[in-house]
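Step one of this worksheet: look at the structure below.
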Amino acid sequence: MTFSPSATAAVEALLDPVDAEMAHRYPGDPGTRQPVHTVYVPADAFTADTVVDWGRQAVEVLDAQAGTPAALAEALGIPSDDLITDVHARVRAKLLREPIEDLRIDFEDGYGPRPDTEEDAEAVRVARLVAAAVADGSAPPYLGVRFKCLEAAVRARGIRTLELFLGTLLAEHGTLPGGLMLTLPKVSHPQQVSALVRLLADFEERAGLPAGRIGFEIQIETTQAILGADGRATVARLIEAAEGRATGLHYGTFDYSAACGVSAAYQSMDHPVADHAKAVMQVAAAGTGVRLSDGSTNVIPTGSREQVTAAWRLHYGLVRRSLARAYYQGWDMHPAHLPTRYAAVYAFYRQGLAAAAARLAAYVAKAGGAVLDEPATARALSGYLLRGLDCGAVDPAEVTALTGLDRGRLDALSGRRPANGGAGQRGPTDG
């Protein structure tokens with residue numbers, strides 16, 4: 001006995017629309033580099049030297065507090081071994097070469113309310129500086145602005161800042177840089193996301209840009225962004241409302257914790273309310289190509305050696321915790337956070353390099369081993385190695401030596417799709 005042709009044809013007719021919908025809603029990883037952090041700088045504090053200055057300050061505090069691998073290990077409370085020797089050298093080189101991977105110039109909480117004429121002028125000034133940095137190659141790989149939210153009280157101000165920034169940037173640079181990032185804060189309803197989509201579509205049409213060219217991040221800072229009045233997970237609706245333009249979901253540690261009634265002393269990235277919110281975000285974003293970012297700590301590594309050491313240990317532990325929970329990006333608020341950001345990231349990828357490479361090599365060779373991996377795990381192993389390569393934690397030559405695979409094969413095994421120029425799929429060199 002076999003299935004009748006009419007039965008199999010009916011199945012195809014039934015499931016073809018489902019296949020199309022699933023491919024549309026869950027296209028997978030965009031295939032581009034994800035920065036390991038986002039640095040926030042108030043708009044009025046942003047200058048042409050901001051990136052260089054942050055790097056200089058970060059190197060100074062590293063040399064002063066942990067000038068040797070042993071001193072760094074002691075400061076972080078971890079073993080002094082070959083791993084920390086390698087990590088120390090890589091961190092210092094990173095701070096000299098590319099101290100900031102993603103910079104967000106802040107017109108929201110970090111900037112506050114200003115007279116309209118002042119913020120207008122600041123938006124134009126910032127756009128010109130960004131255009132100049134992109135043109136001369138001094139810009140970090142990803143760079144953009146956080147404008148005021150679309151709540152009634154500040155909506156007009158946020159829209160005005162956004163249009164001045166985009167319009168000036170386009171006029172000065174001739175096009176929008178591929179690494180452009182926009183952040184929509186304090187989202188509490190899908191219609192706010194839809195409103196931004198409408199504004200960006202209008203800008204693209206008037207500027208002669210491809211439809212869908214401009215993407216944006218959605219900042220999760222309100223309880224309504226996680227759970228709506230109807231009991232549904234709002235965050236999934238926010239992604240849908242973005243119509244393919246959402247590039248990331250960023251958790252706002254302090255606004256969200258405060259909205260949940262957490263007192264100031266206990267507001268942290270590892271509080272239970274934070275873990276719940278981020279777990280919902282993670283499930284909602286899975287497979288959509290929308291990337292996740294954890295928030296920040298407000299404990300700054302300044303003051304005495306003891307104060308710096310305590311803040312560094314806290315930051316290092318929080319970053320490692322986020323990485324283990326598949327939050328590969330977070331916020332940094334001070335130059336002294338950069339050494340521990342990169343130390344945590346580099347240790348995470350280097351500690352697991354040999355084991356991940358061996359498992360992936362065994363999977364490709366069908367050689368078996370102590371762990372029997374499936375295709376899904378091979379995708380995760382490849383993704384882990386690719387993230388390590390992207391941030392500089394590991395080198396292409398050592399990955400190839402350990403796995404026998406080049407970058408192209410790793411991309412294929414990870415399931416990353418080629419960047420095609422749509423929103424949320426653009427690398428830092430795209431036009």
Side-chain angles (χ1 to χ4, degrees), residues 1-32 34 190-191 193-194 197-198 201 210-213 215 218 226-249 278-292 326 356 359-387 403-426:
M1 297 292 295
T2 61
F3 296 122
S4 68
S6 61
T8 56
V11 166
E12 291 296 330
L14 178 68
L15 294 183
D16 277 347
V18 175
D19 295 340
E21 181 181 357
M22 293 297 289
H24 173 71
R25 291 182 181 273
Y26 302 102
D29 189 276
T32 55
Q34 180 180 11
Q191 290 286 30
V193 175
S194 296
V197 169
R198 179 170 297 187
R213 166 63 182 85
I218 300 170
I226 294 296
L227 190 68
D230 58 3
R232 292 193 292 172
T234 314
V235 66
R237 298 173 62 201
L238 300 180
I239 295 172
E240 182 179 27
E243 299 180 22
R245 293 179 186 265
T247 59
L249 298 176
K278 289 181 286 189
V280 176
M281 291 163 60
Q282 195 167 44
V283 174
T288 65
V290 177
R291 286 163 165 172
L292 304 171
R359 287 177 65 180
L360 188 60
Y363 171 83
V364 172
K366 307 298 183 186
V371 181
L372 184 61
D373 288 320
E374 297 184 351
T377 307
R379 289 196 296 272
L381 292 167
S382 301
Y384 172 84
L385 295 175
L386 287 167
R387 290 181 182 278
T403 63
L405 305 171
D406 61 14
R407 176 74 190 227
R409 287 281 286 137
L410 288 174
D411 279 331
L413 284 167
S414 73
R416 288 187 173 187
R417 66 182 189 273
N420 63 13
Q425 302 170 28
R426 309 185 69 79

**Asked** Quick one: CD1 on Ile226 to CE on Met281, what's the gap to the nearest 0.5 Å?
**Response** 6.0 Å
**Request:** Starting at CG of Leu238, measure out to CD1 of Ile218 and round the result to the nearest 0.5 Å.
**Result:** 5.0 Å
May I ask you to test the [X]-[Y] pair for a side-chain heavy-atom distance under 4.5 Å?
X: Arg237; Y: Asp230; value: yes
X: Arg409; Y: Thr403; value: no
X: Gln282; Y: Leu292; value: yes
X: Leu410; Y: Leu360; value: yes
X: Leu249; Y: Ile239; value: yes

**Asked** Can you name the closest pair of heavy atoms from Ala286 and Tyr26 and give their distance?
**Response** O-CD2, 3.4 Å
**Request:** Taking all non-hydrogen atoms of both residues into account, name the closest pair between Leu386 and Ser414 and its distance.
**Result:** CD1-OG, 3.5 Å
**Asked** How about Arg407: does its CZ atom have over 12 heavy atoms from other parts shown lying under 6.0 Å from it?
**Response** yes
**Item:** Counterpart residues, side chain to side chain contact (heavy atoms under 4.5 Å, CB included), relative to Ala236 (two or more places apart)
**Value:** Ala284
**Complete:** Hits for side chain to side chain contact (heavy atoms under 4.5 Å, CB included) against Ala241, two or more places apart or cross-chain, chain-then-number order -> Pro190, Val193, Ser194
**Fill in**
For residues 3-22, the salt bridge (charged side-chain N to carboxylate O under 4.0 Å, His left out) pairs (sequence neighbours left out) are Glu21-Arg25
